Protein chains: 2
Amino acid sequence: MGLRERKKHQTRLALSDAAFELFLEQGFEATTVDQIAAAVDVSPRTFFRYFGSKEELALDFMVEYDEVVTAALAARPADEPPLQALAAAYRQFIREVRRTAAIDPERYVRHRHVMEANPHLITAGLARMADIETKLTAEVARRQGTDPDADPRPRLLVAFITSAIRVGFECATGDAGSLDKLFGNVEKTLALTVEALSPGWCQFNFGSSGQVATKASSPG
Amino acid sequence: MGLRERKKHQTRLALSDAAFELFLEQGFEATTVDQIAAAVDVSPRTFFRYFGSKEELALDFMVEYDEVVTAALAARPADEPPLQALAAAYRQFIREVRRTAAIDPERYVRHRHVMEANPHLITAGLARMADIETKLTAEVARRQGTDPDADPRPRLLVAFITSAIRVGFECATGDAGSLDKLFGNVEKTLALTVEALSPGWCQFNFGSSGQVATKASSPG
DNA sequence: GTAATTTATGTCAGTCGATGACAGATGACA
DNA sequence: TGTCATCTGTCATCGACTGACATAAATTAC
C-alpha cells in the first residue's frame with residue numbers, strides 16, 4: 001500500500017474519530033461539518049470527498065455488516081429451509097458484530113450511542129435495513145424458485161426476520177453499554193421469531209399457497 | 001369558520017397542489033421551495049409556516065391515517081387476541097384509505113407516485129411506520145398486561161403486522177395506478193401474515209414464554 | 001534524478017433548505 | 001371605528017452540499 005493510500009485511510013479515520021468525539025459532546029446536529037474538518041485540519045470541502053454527507057459518516061460503521069449477512073445467507077446449504085437459512089445468516093452476523101465489538105468495544109458503543117440519540121439517524125438506519133431486505137429477498141426467492149415480484153412470501157419472510165433484529169436492538173436501547181445484553185436481546189428476538197412462525201408456513205418449497213407462481217412463468 | 005381560517009386552508013391546499021404538480025413534472029428534489037411558493041404567489045418564508053419542510057408536505061397525506069389505525073385498535077374488544085385485533089385494525093385502515101382514495105383517486109395516485117419515485121421519501125415513510133409501531137406496541141402490551149420494555153413479544157407482533165402492510169405496498173410499486181390491485185395486495189400480505197404466525201404463539205394471554213413478565217409486575 | 005502524469009487538497013463561489021427577527025398588512029372583535 | 005391578534009413579506013443568516021479551478025503532492029516513466 002503506497003503512501004498516498006495510507007494517508008487517505010488515515011485522514012478518513014481521523015475524520016470519523018473527530019466527528020464522533022464531537023457528536024458525543026454536542027450531539028449530531030449541533031456539530032457542523034466545519035468543526036469536524038477543523039478538528040482534523042482539513043478543508044470542509046475535503047470532508048465531502050471522504051463522506052458523501054454527515055449522515056453517511058455517522059452510519060459508516062453499518063456498511064461492512066451488510067455484506068456479512070448476504071454472504072452468510074449465500075453460504076447456507078441449498079436444501080436448508082429459508083427460515084432456518086435466514087436465521088443462521090443473522091446469527092453469523094451477530095457473531096461477526098460481537099467479534100469486532102470485542103476488539104474495540106468503546107468504538108462500537110460510541111457509534112450506537114450517537115445513532116440512538118438522533119431520530120434522523122435511526123431513520124436512516126432503518127433505510128439501510130430496507131436495502132438489505134431487497135438483497136436477502138432476491139436470494140430467498142432464488143432458492144425457492146419463485147419470482148419475488150409475484151410472490152410476496154419471500155419478502156414477508158425476510159421482513160419478519162429483519163423485524164426480529166430491529167426489535168432486538170430497539171429493546172436494548174438505553175443500555176447499549178452492556179454489549180452482552182444487547183446481543184443477547186437480538187438473539188432472543190431472533191429465536192422468538194423463528195418459533196413464532198408456524199412450521200408449515202415456510203417449508204423448503206413454498207408449495208402452492210400465496211400468489212400462484214406458475215411453474216413456467218417467463219423470467220424477467 | 002372565519003375568513004382567515006378559510007384562507008389558510010386554501011393556501012395550504014394550493015401549496016400542496018402546486019408542489020405535487022411540480023414534483024410530477026421535475027421530480028421531488030429538482031423542485032425548489034422557491035418554485036412552489038412562486039407558483040402560489042407567496043413568499044418562501046410563508047411556505048415554511050405551513051409545512052415544516054418540503055418532505056413534510058410530500059408526506060402530509062399519511063398523517064391522518066396514523067390516527068385511524070391506533071383508534072381502530074383501541075376500539076377492538078378487549079378479549080380479542082392481539083393478532084386478530086391488530087389485523088382488524090389494519091383492515092379498518094385499508095377500508096379508510098380505500099374510501100378516501102375513491103373520493104379523489106388521482107390525488108392519492110399522485111401522492112404515492114411521488115413518494116415511490118424518491119428514495120428519501122420512502123425512507124421518511126418508513127420512519128412514520130416506526131412511530132406508529134410504538135403506539136401500537138403500547139396498546140398491545142396494555143391489553144396483554146405485559147411491560148413492552150421487558151417483553152419483546154408485543155413489539156415483535158406489531159412489527160410483523162406492519163411488515164405485512166409495508167410489503168403489501170411495496171409489492172404493488174410501479175402499478176400504483178390500479179388502486180384495487182394495490183389494496184388487494186395489502187390485504188393479501190396481511191392475510192398471509194396472520195396465517196404465517198403459529199396460532200399458539202400469540203394467545204389471548206402471552207403465557208409465560210419469552211421474557212418472564214412476572215404476574216404482579218408493578219405498572220408504569 | 002528529473003520530467004511528466006496522476007490525484008488529492010484548498011479556495012472560491014454558489015445553490016438550496018431552513019430559521020429568527022422585525023415591520024407592515026389584514027382579518028377578528030368590541 | 002379602533003384596538004388587537006395574527007398572518008405575511010423582507011432581510012439576514014446558518015449549515016449542508018456541489019462544481020470549477022488552481023496548486024501541491026505522490027506516482028510513474030524515462
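In this text the structure is predicted, and so the values were computed from the model without any measurement. All chains are named by letter (A, B, ...) in the order of the sequence lines, taking the proteins before the strands, and each is independently numbered beginning at 1.
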Before accepting this row, confirm whether a basic side-chain N of the pair [X]/[Y] lies closer than 4.0 Å to the acidic partner's carboxylate O.
X: A:Glu5; Y: A:Lys8; answer: no
X: B:Glu139; Y: B:Arg142; answer: yes
X: B:Arg155; Y: B:Asp149; answer: yes

Does the side chain of B:Val167 come within less than 4.5 Å of B:Val186's, by heavy atoms?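 No, their side chains stay 4.5 Å or more apart.
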- Item | A:Ile165 vs A:Thr189 side-chain heavy atoms within contact, under 4.5 Å |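 Counting from C-beta outward, A:Ile165 and A:Thr189 never come under 4.5 Å.
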List, one per line, each side-chain donor-acceptor pair under 3.5 Å for residues 129-137 of chain A, sequence neighbours excluded.
unit_1: A:Glu133; atom_1: OE1; unit_2: B:Arg166; atom_2: NH1; d: 3.1
unit_1: A:Glu133; atom_1: OE1; unit_2: B:Arg166; atom_2: NH2; d: 3.4
unit_1: A:Glu133; atom_1: OE2; unit_2: A:Thr162; atom_2: OG1; d: 2.7
unit_1: A:Glu133; atom_1: OE2; unit_2: B:Arg166; atom_2: NH2; d: 3.1
unit_1: A:Thr134; atom_1: OG1; unit_2: A:Ala130; atom_2: O; d: 3.3
unit_1: A:Thr137; atom_1: OG1; unit_2: A:Glu133; atom_2: O; d: 2.7

To the nearest 0.5 Å, tell me how far [X] [atom1] sits from [Y] [atom2].
X: B:Glu67; Y: B:Phe93; atom1: CD; atom2: CZ; answer: 12.5 Å
X: A:Leu121; Y: A:Glu116; atom1: CG; atom2: CD; answer: 11.0 Å
X: A:Thr146; Y: A:Asp151; atom1: OG1; atom2: CG; answer: 4.5 Å

Strand contacts (DNA chain C) in [range], 4.0 angstrom heavy-atom criterion:
range: residues 29-40 of chain B; answer: B:Thr31, B:Thr32, B:Val33
range: residues 44-59 of chain B; answer: B:Arg45, B:Phe48, B:Arg49, B:Gly52, B:Ser53, B:Lys54
range: residues 10-22 of chain B; answer: none

Residues at least two apart in sequence or cross-chain that pass side-chain contact (heavy atoms from CB on, under 4.5 Å) with A:Ala127, listed by chain then number, are B:Thr123
Across all chains, not counting sequence neighbours, the side-chain contact (heavy atoms from CB on, under 4.5 Å) partners of A:Thr11 are A:Leu15, A:Val42, A:Tyr50
Exercise for review: Could you list where the contact with chain A starts and ends along DNA chain C, reading 5' to 3', using a 4.0 Å heavy-atom cut-off?
Suggested key: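 Reading along DNA chain C, I get C:dT6 to C:dT11.
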>> Just to verify, what does A:Arg49 make a salt bridge (charged side-chain N to carboxylate O under 4.0 Å, His left out) with, not counting sequence neighbours?
In response: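 Here no residue qualifies.
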Pairs under 3.5 angstrom only: tabulate donor-acceptor contacts from the side chains of residues 83-92 of chain B to other protein residues two or more places apart or in another chain.
unit_1: B:Gln92; atom_1: OE1; unit_2: B:Arg95; atom_2: NH2; d: 2.9

Practice task
Quantify the bending of the helix from C:dG1-D:dC30 to C:dA30-D:dT1 as the angle between its end axes, each fitted on five pairs, to 10°.
Solution key: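 Inter-axis angle at the termini of the helix from C:dG1-D:dC30 to C:dA30-D:dT1: 10°.
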Next item on the list: Please confirm whether the backbone N or O of A:Thr32 pairs with a side-chain atom of A:Gln35, one donor and one acceptor, at under 3.5 Å?
Entry: yes
- Stepwise side-chain contact (heavy atoms from CB on, under 4.5 Å) test for A:Leu156 and B:Phe160: CA-CA 9 Å; A:Leu156 275 177; B:Phe160 293 157; over 6 Å; no
Per-nt protein contacts along nucleotides 23-30 of chain D (heavy atom under 4.0 Å; B base, S backbone sugar-phosphate only, - none) come out as --BBS---
Query - side-chain contact (heavy atoms from CB on, under 4.5 Å) assessment of A:Ser16 paired with A:Glu21 - result: CA-CA 9 Å; A:Ser16 178; A:Glu21 198 166 329; over 6 Å; no
### All ring pair (Phe, Tyr, Trp, His ring centres under 6.0 Å) counterparts of A:Phe61, not counting sequence neighbours
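Partners of A:Phe61 by the ring pair (Phe, Tyr, Trp, His ring centres under 6.0 Å) criterion, ordered by chain and then number, come out as A:His111.
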